[in-house]
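These notes are about the structure you will find just below.
Every value quoted in this text rests on a predicted model; they were computed, and no experiment measured them. Start at 1 and go down the list; that is how both ligands and their atoms are numbered.
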Amino acid sequence: MNQIAPAHKKRNPTSLAISYQATVFSAVLFAGRLEDGLAAAHMHGFDAVEIGLRDPGVVDTAWLSRKLEQYQLGFSAIATGQSFYHDGLSLFASSPEISLAAMDRIKQFIIIAEKFGAFVVLGGIRGKLVGEKSDRDRQWALGIQAIRQCALFAQDHGVTLLLEPINRYETNVVNTAEDGLRMLAELDVPNIKLLMDTFHMNIEEPSVPVTIEKLESHLGYIHFADSNRHAPGQGHIPFTEILSALQKIDYAGYISAEILPLPEDSTAASLAGTFLAQLLTEN
Ligand code: LER
Ligand code: MN
């Protein structure tokens, strides 16, 4: 009797978050040691890398293309928060000049992203609303306008942007999935999706898996970090239930490990790679 082959379940591509330059942003591996990061991502079975960029001028895209090919890695996304943490550039700023400068920086990242088929993340670079209600309203309008312009520019370059809700201790502009969906509705542009980060969700959401199920096609990308921001598997976030929620909404996108370099970079990469490989083969 002929055996019917089981339906092939395609596993999500995995990614490891690293950084081109050294940075004060701590949840990233091999910061300023890019080639070590690429080698580790390859060695520990990742399909791609997410790269934190700060100064677009220092990015050698020809070298990067060669190295990605050498290590057989895709380039999943450009993380952009360093422009806020180091250079004070933010989309939701009290001065229009700063918002404009943040927008210009993002446009340069979009041009790089186009070359590699990468997403561009709008996370920390949103910044924070400050001052009285009337000031905040003005900053909000400025930020929305800036994101809309970035999205239009990205659309011309075939790039999708990712809006990442971030916990309340880091920003007051979009903390939860619900805030994110509300901002997507206000923006009303086709090429922005949500990036959910399990570390932030564990702080802000009543249930990580239930929230994921509600996002359906609005979910464009996910960061996996455990409750302590160590590699997934080193804390108490229920990743098996989260994967099952992702499968329920037919999420076929990246699962990207964005984690602290603890106990140090190589071990963190190894722990994350091993955990993800096991999770994705067993479920
Ligand atoms: C970046 O992906 C992130 O998760 C934030 O903590 C950055 O502020
Ligand atoms: Mn994140």
Which protein N, O or S atoms lie under 2.8 Å from the Mn ion (ligand 2)?
Glu164 OE2, Asp197 OD2, His223 ND1, Glu258 OE1

Rounded to the nearest 0.5 angstrom, the CD1-CG distance for Ile51 and Leu34 is 5.0 Å

In terms of ring plane angle, is the pair Phe153 and His157 parallel, tilted or perpendicular, where the classes change at 30° and 60°?
tilted

So which protein residues pack against ligand 1 under 4.0 Å, heavy atoms counted?
Phe25, Tyr85, Glu164, Ile166, Glu170, Asp197, His200, His223, Arg229, Glu258

Where Ser94 and Arg138 come nearest, the two heavy atoms and their spacing
O-NH1, 3.5 Å

Quick check on the 6.0 Å ring-centre criterion: do Phe199 and Phe224 meet it?
no

Would a 4.5 Å heavy-atom cut-off, applied to side chains only, mark Val120 and Leu162 as touching?
no

Between His86 and Phe84, is the gap from one ring center to the other below 6.0 Å?
no

Not counting sequence neighbours, which residues clear side-chain contact (heavy atoms from CB on, under 4.5 Å) with His44? List them please.
Ala40, Phe46, Ala269, Ser270

Examine Val28 and Leu38 and state if one hydrophobic cluster contains both, with Ile, Leu, Val, Met, Phe, Trp and Tyr joined whenever side-chain heavy atoms are less than 4.5 Å apart.
no

Residue pairs involving residues 192-202 (criterion salt bridge (Lys or Arg N to Asp or Glu O under 4.0 Å); sequence neighbours excluded):
Asp197-Arg229

